[in-house]
Amino acid sequence: MQGFTRILEEIGSIATFSGKVFLQLFRRPFEGRELIRQMDETGTKSLVLVLVTGCSIGIVLSMQSRGTLARFGAEAVLPSMLALSIVKEIGPVITSLVLAGRLGAGIAAELGSMRVTEQIDALEVSALQPFKYLVITRVLACVVMFPLLTIACDIVALLGGYVEALLSTGLDYRQFIEQAFSSLQLSDVLFSTAKTSVFGFLVSIVGCYSGYYVRGGTREVGQAAMRAVVIGSLLVLLADVFMVRLSLILFGS
Amino acid sequence: MSEFQPEILIKDVHKAFGERKILRGVSVSAERGSTLAVMGGSGTGKSVLLKHMIGLMAPDSGEVWIQGKRIDQLRGSKLDKLRLRIGYLFQGGALFDSMTVEENLDFVLGRHTALTAPERTEQIHEAIAWVDLPHAAPQYPAELSGGQRKRIALARAVILRPDILLCDEPTTGLDPVSVRNVSNLIMRLKAERGITTVAITHDLLCAEIIADHAAFIFDGKILAKGTLQELRSSENPQSQEFFG
């Protein structure tokens, strides 16, 4: 019972923290330079990880699916299947999970270290609004960069899938592109990519919350980082269920 | 507030974290331009008391007056405005470790003054020369020794020329030479700028150099006040044990 109460308290605190983010979002000062630096940290420095992940997924998906499709005589639909599964689901979710690991832990550890070494207090006593400087910039950076990184992941995954298909069956690239894109609708692409902004919001909120309120020392910072990854990843998966349901309501199957 | 009210006035402040009572009715004051050393062992509530003086913590009851304003009741821009009149030297320095020394100082200066970049650079170089580390500008905090970090943190704390300086264990963990260096810098601030200082410390050497007045805190209560000499000769057993 005590554990359940603690979970409810934690959910309430994260909700309050999120509310504070929304309230502060449109108030001055706007930390433009720090936002750009965070976008670089979030985006540019995660790009290689996302590209490697995307490429690997595309290749593996292509290899695994061909055999199964061949069994049903449906090998020709491989490009469509790749495009649909990557763009609508695998790309956004895998990108967000990978980023939840990298950024969730990174944000929590960085802010946690700043808290225990009193750097956040130093910002506060210098009248520098640490919440705006540290939290708002990171949340905004994640909300903006998650979709962009997802697009990069989708492109590379499709490319990986095509290269695998080319090497295995000599599939013509025009045929691949035509089939892949004919199966996709603009609403699929837009919604699936845009939903990663929500994932970015959740991952960054949990990371910031875990780090910002750390009490204690290095052990607690480590625990905060781990908690940020676990909760962030779970929230991505849970939110995906809701988002998919929402997309079905809005756009049909 | 009357014009005779001290620069810093703490009245009957109580603070508890859960069941644990940290401050139990602390009252203490510091006159303008004076240096007060609040002394006591570890875990007696010294740092908590100092955090009340800059609004990082709010008392459960009691009043915290800074320059005639109740800092414990201020919020938002009013609190920020008062904080700019106060410099705070953290125990570990609390320098921003992702920034160089120059960036650390510029970060504060750039956001609270209308100085141009060259003017700021000049002021920063003056500040780090004042703490006798003229070549530290491009270095990161991790590249500095403990004593150097404390001196740069002091330079950052007073870069906006505050009226009040609050020091949390300014010399803890430093060798005797560094203790003298940092303590002498605090003394110079008083002599050159008339700054009011409250230093939380258990370092007798530091207190001897900087303190006009001292207060001895034990178990969340001020047990003795006066000059350092008076505290040394206090008949209070805890005070006698502390001062040896």
Side-chain angles (χ1 to χ4, degrees), chain A residues 2 5-6 9 20 23-24 26-42 45 103 106-138 141 211-218 220-221, chain B residues 17-18 47-48 50-57 66 71 74-99 103-113 141-142 149-150 152-154 156-160 162 164-169:
Chain A
Q2 214 175 11
T5 312
R6 225 177 54 212
E9 275 175 9
K20 198 173 167 190
L23 281 176
Q24 297 274 326
F26 303 105
R27 289 190 189 159
R28 286 176 179 276
F30 303 115
E31 300 285 355
R33 264 171 68 177
E34 180 60 13
L35 175 62
I36 291 167
R37 199 179 75 82
Q38 287 305 327
M39 285 166 76
D40 178 46
E41 282 287 326
T42 311
K45 291 178 183 166
L103 298 174
I107 290 171
E110 189 182 4
L111 296 193
S113 304
M114 288 185 77
R115 173 62 75 189
V116 299
T117 55
E118 297 184 305
Q119 291 176 54
I120 294 181
D121 286 343
L123 285 167
E124 188 142 5
V125 300
S126 305
L128 290 171
Q129 305 196 26
F131 195 86
K132 294 216 80 160
Y133 183 74
L134 299 172
V135 176
I136 302 290
T137 51
R138 280 166 175 77
Y212 201 76
Y213 294 120
V214 159
R215 289 284 177 272
T218 47
E220 284 75 14
V221 173
Chain B
F17 297 116
S47 294
V48 170
L50 201 69
K51 284 180 177 167
H52 279 77
M53 294 183 198
I54 199 156
L56 278 177
M57 285 183 185
I66 303 291
I71 197 166
L74 295 180
R75 298 284 178 275
S77 60
K78 285 182 181 167
L79 177 60
D80 284 346
K81 203 174 161 192
L82 184 56
R83 278 175 168 165
L84 293 179
R85 306 310 315 147
I86 308 168
Y88 197 105
L89 176 60
F90 286 87
Q91 189 172 350
L95 294 170
F96 307 125
D97 48 21
S98 60
M99 300 179 193
E103 287 165 347
N104 259 277
L105 272 68
D106 192 43
F107 190 56
V108 178
L109 205 56
R111 281 154 189 264
H112 294 304
T113 66
R149 271 203 294 273
K150 277 273 167 69
I152 293 297
L154 181 60
R156 188 183 66 181
V158 297
I159 190 96
L160 293 173
I164 296 169
L165 176 65
L166 304 177
C167 306
D168 189 357
E169 301 284 7

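Note that the structure is a prediction, hence the values are computed from the model and not measured.
Here B:Phe17 pairs with B:Lys15, B:Ile22, B:Val48, B:Met57 under the side chain to side chain contact (heavy atoms under 4.5 Å, CB included) rule; sequence neighbours left out.
Residue with the most contacts toward chain A among B:Leu160, B:Leu95, B:Leu166: B:Leu95 (heavy-atom pairs, distance under 4.5 Å).
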Worked check of side chain to side chain contact (heavy atoms under 4.5 Å, CB included) between B:Ile86 and A:Val125: CA-CA 8 Å; B:Ile86 308 168; A:Val125 300; over 6 Å; no

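Rounding to the nearest 0.5 Å gives a distance of 4.0 Å between CZ of B:Phe96 and CG of A:Leu123.
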Is there any N or O donor on one of chain A and chain B with an acceptor on the other under 3.5 Å, and could you list each such pair with its distance?
residue, atom, partner, partner atom, Å
A:Glu31, OE1, B:Arg111, NH1, 3.0
A:Glu31, OE1, B:Arg111, NH2, 3.0
A:Glu31, OE2, B:Arg111, NH1, 2.9
A:Glu118, OE2, B:Lys51, NZ, 3.4
A:Gln119, OE1, B:Asp97, N, 3.2
A:Gln119, NE2, B:Asp97, OD2, 3.1
A:Glu124, O, B:Arg83, NH1, 3.4
A:Ser126, O, B:His112, NE2, 2.6

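Neither the backbone nor the side chain of A:Ile120 has a heavy atom closer than 4.5 Å to any heavy atom of chain B.
Between B:Ala94 and A:Ala122 the shortest heavy-atom distance is O-CB, 3.8 Å.
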